Amino acid sequence: MLFRSKQLTPVWFLVMSSFAVAQAQPANDQVLRALDSASALVEATEADYGRHDMALVEPLEQLANQLMTLNQFDQADATLDRALQITRLHRGLHTPAQLALIRKRIDNFSNQQAWADAREQMDYLFSFYLRVPVALQETLIDDFLALAEQHLRGAKEDTQIERGRHLSRIHQINQAIIYTARQLYGETSPELAPHLYRQVRHIYLFKKGFDEGGRTRANANFYYPLRGQTFGWRKKQFKQTSYTDGLWLLAQIERLYSEGDSADPIGQAMAQLYRADWQMLYDYAAEAKNNYESAYAALQDAGVSQRQLNRFFSQPRVLPLQRFHSSVAAAIGSDSSTAESSQNSAQASAQASTEAMPTHRLSFEEWSTDYPTTSDPLLLADTAQGDPDYALFEFSLPNENESTFLYKHRYKQTIGDAYDVRLLDGFDGLPLGNEQAMARIEQMRFRPRMPEGVPVESQIRLQYGIAVAAD
């Protein structure tokens, strides 16, 4: 039969709303009036066109929205399922017309923590997107990103054993986005750069999961592409492989700006700067320092004004940066945007440049309790969950890499490491101990301040948001 769900009448919904609100979130009169209005619209449309007409789809979706607002998830899913079946009846089983309804069903399943059902719908969407013809791919990247966002929520809220599966699928989605972008824009188009960099950040998320240990490490170990390995990765091998994978992607970005008609020396220098960031994240401090200084010189040679360079390099930044910027002007412009400034909020005043060591105010929010010191991997605001607990730290960044006595490539401290960490405020009531909180700051890495093209010592005051565990 076409309609497997219960055929729910508008009257039934009106009765439900009167006694189910106590189990849902508090509902005001406006919400209840919206529910009554949506139900009446379904009833009127049904009377005019019948129970199976396409005219019913939009009213049913509106009714489902109101039910989701009241946390009536089962009734909302039955309504969405009915709209989906009508759409398939008129438009076919595998057509784009149904996608918005499927995405809404996934959200509804996620809201009630029915992750097995959500994963089933996510898998269907992914397989559907992979079959979309090239000629119809103009909106496909946005569709992939919306699906990645839903998987990202699953990586935080699904059962522990399934979280790595969500991260693995995001890895596959990123690869599909890169492939699609190449089809749409060409192999050498700079339009590829942000998609390649998104995959770089996702590789680092796997690395942080491996470092964390426990089930988080097991998920990262099992779901990161094995390259012929049989029993997973050893720690040193995993670190080197993920580091090399990131360098390879960053080299692709650099080539986008160094070859062909799109050659851009500023973009090429910016790619070198991000390569230095990647080296700093993996504690290749000497290589990072050399590339920072080379990138600065390359930007000078490319004609970037000294005023812009001074502004851009006058503050330290939390690594990894959330977006790839192909120019100094674009990076400076993003500092005033909500998303970027939440991680690197430069609140140093105008006289900071004249101070011997100004205090730079930065803020950072953890994305997940499983991945401390990691920010939102996709930079999608809708994935935030709950209000984090905050602590205020102060620390310094050195101006030189200091090697250990016996090993040249092992460091006591680097230009991207916090040292002399002090907790200033906010520790009371935090969900982790003092030593754990301090250790998280010491695990973070920073792009150093380089006002003249060489790292200088910096004083930082960091507002650190600690992720709240999902219920």
Side-chain angles (χ1 to χ4, degrees), residues 141 174-175 177-179 181-204 242-282 284-335 337 340 344 379 415-416 445-455:
I141 289 176
N174 285 340
Q175 290 176 320
I177 288 173
I178 292 168
Y179 173 82
R182 285 193 169 114
Q183 300 297 309
L184 290 173
Y185 310 127
E187 291 284 342
T188 60
S189 171
E191 297 275 2
L192 290 168
H195 306 303
L196 291 166
Y197 185 68
R198 187 185 303 110
Q199 188 74 317
V200 170
R201 294 196 69 230
H202 195 66
I203 288 172
Y204 186 67
S242 60
Y243 172 70
T244 303
D245 288 347
L247 279 184
W248 180 74
L249 289 166
L250 289 165
Q252 289 189 58
I253 294 175
E254 190 169 352
R255 281 197 295 272
L256 297 177
Y257 296 98
S258 62
E259 298 177 354
D261 297 335
S262 61
D264 175 5
I266 294 177
Q268 187 178 356
M270 292 297 287
Q272 186 176 5
L273 188 64
Y274 281 82
R275 189 201 317 160
D277 291 341
W278 190 248
Q279 290 165 331
M280 182 58 65
L281 286 167
Y282 279 79
Y284 290 94
E287 294 86 346
K289 185 174 184 291
N290 290 337
N291 275 311
Y292 280 136
E293 294 172 357
S294 296
Y296 186 97
L299 288 168
Q300 281 184 317
D301 293 342
V304 179
S305 71
Q306 194 61 47
R307 183 170 178 270
Q308 277 193 320
L309 288 173
N310 288 343
R311 181 177 176 185
F312 179 53
F313 286 102
S314 65
Q315 63 187 56
R317 297 171 185 270
V318 179
L319 295 180
L321 266 66
Q322 295 172 304
R323 291 188 177 95
F324 177 81
H325 300 292
S326 61
S327 70
V328 172
I332 291 173
S334 78
D335 281 340
S337 70
E340 192 82 22
N344 287 300
L379 194 60
I415 56 174
R445 294 294 180 267
F446 300 84
R447 180 190 290 176
R449 184 167 68 103
M450 299 184 294
E452 299 297 330
V454 293

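All values derive from a computational prediction rather than experimental measurement. The basis for the numbers below is simple: all heavy atoms, side chains too, and nothing from hydrogens, waters or symmetry mates.
The shortest distance between side-chain heavy atoms of Leu319 and Tyr204 does not fall below 4.5 Å. Using a 4.5 Å heavy-atom threshold, the side chains of Tyr282 and Leu247 count as separate. Contact annotation: the side chain of Tyr179 never approaches that of Gln175 to less than 4.5 Å [non-hydrogen atoms, C-beta and beyond]. Using a 4.5 Å heavy-atom threshold, the side chains of Arg198 and Ile178 count as separate.
Scored by the side chain to side chain donor-acceptor pair (under 3.5 Å) test, Ser305 finds no partners at all (sequence neighbours excluded). Among residues two or more places apart in sequence or in another chain, the side-chain contact (heavy atoms from CB on, under 4.5 Å) test is passed with Ala297 by none. Residues meeting the side-chain contact (heavy atoms from CB on, under 4.5 Å) test with Pro194, sequence neighbours left out: none. Checked against side chain to side chain donor-acceptor pair (under 3.5 Å), Gln300 has the following partners two or more places apart in sequence or in another chain: Gln306.
Within the model, atoms OG of Ser326 and CD of Glu191 stand 10.0 Å from one another, a figure rounded to the nearest 0.5 Å. Atom CG in Asn174 sits 11.0 Å away from atom CZ in Arg201 (nearest 0.5 Å). Rounding to the nearest 0.5 angstrom, the gap separating the CG atom in Leu196 from the CD1 atom in Ile177 is 11.0 Å. For the atom pair OG (Ser327) and OH (Tyr257), the distance works out to 8.5 Å, reported to the nearest 0.5 Å. Interatomic distance, CD of Gln252 versus NE2 of His195, reported as 13.5 Å (0.5 Å rounding). In this structure, Ile253 CD1 and Ser258 OG are separated by 12.0 Å, a value rounded to the nearest 0.5 Å.
Shortest non-hydrogen contact noted between Gly246 and Val200 is O-CG2, 4.1 Å. Closest non-hydrogen pair, Ile203 versus Ser242, comes out as CG2-O, 3.5 Å. Pro451 approaches Asn310 most closely through the heavy-atom pair O-OD1, 3.1 Å. The two residues Leu256 and Ala193 come nearest to each other via the heavy atoms CD1-N, 3.7 Å. Residue Gln308 comes nearest to Val328 through the heavy atom pair O-CG1, 4.0 Å, listed as atom of the first residue, atom of the second, then distance.
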Identify each donor-acceptor pair in which a side-chain atom of residues 273-280 lies under 3.5 Å from a protein atom, sequence neighbours left out, and give them as a table.
{"unit_1": "Tyr274", "atom_1": "OH", "unit_2": "Arg323", "atom_2": "O", "d": "2.8"}
{"unit_1": "Tyr274", "atom_1": "OH", "unit_2": "His325", "atom_2": "N", "d": "3.0"}
{"unit_1": "Arg275", "atom_1": "NH1", "unit_2": "Asn291", "atom_2": "OD1", "d": "3.2"}
{"unit_1": "Arg275", "atom_1": "NH2", "unit_2": "Glu254", "atom_2": "OE1", "d": "2.6"}
{"unit_1": "Arg275", "atom_1": "NH2", "unit_2": "Glu254", "atom_2": "OE2", "d": "3.3"}
{"unit_1": "Asp277", "atom_1": "OD1", "unit_2": "Tyr292", "atom_2": "OH", "d": "2.6"}
{"unit_1": "Asp277", "atom_1": "OD1", "unit_2": "Arg447", "atom_2": "NE", "d": "3.1"}
{"unit_1": "Asp277", "atom_1": "OD2", "unit_2": "Arg447", "atom_2": "NE", "d": "3.4"}
{"unit_1": "Asp277", "atom_1": "OD2", "unit_2": "Arg447", "atom_2": "NH2", "d": "2.6"}
{"unit_1": "Trp278", "atom_1": "NE1", "unit_2": "Tyr243", "atom_2": "O", "d": "3.0"}
{"unit_1": "Gln279", "atom_1": "OE1", "unit_2": "Asn291", "atom_2": "ND2", "d": "2.8"}

inquiry  = Checking Thr188 against Arg255 for the side-chain contact (heavy atoms from CB on, under 4.5 Å) test, could you report, in this order, the C-alpha distance in whole Å, the side-chain angles of both residues, the deciding distance, and whether it holds?
reply    = CA-CA 8 Å; Thr188 60; Arg255 281 197 295 272; over 6 Å; no
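Legend: salt bridge (charged side-chain N to carboxylate O under 4.0 Å, His left out) pairs involving residues 290-308, not counting sequence neighbours, sorted by first then second residue: Lys289-Glu293.
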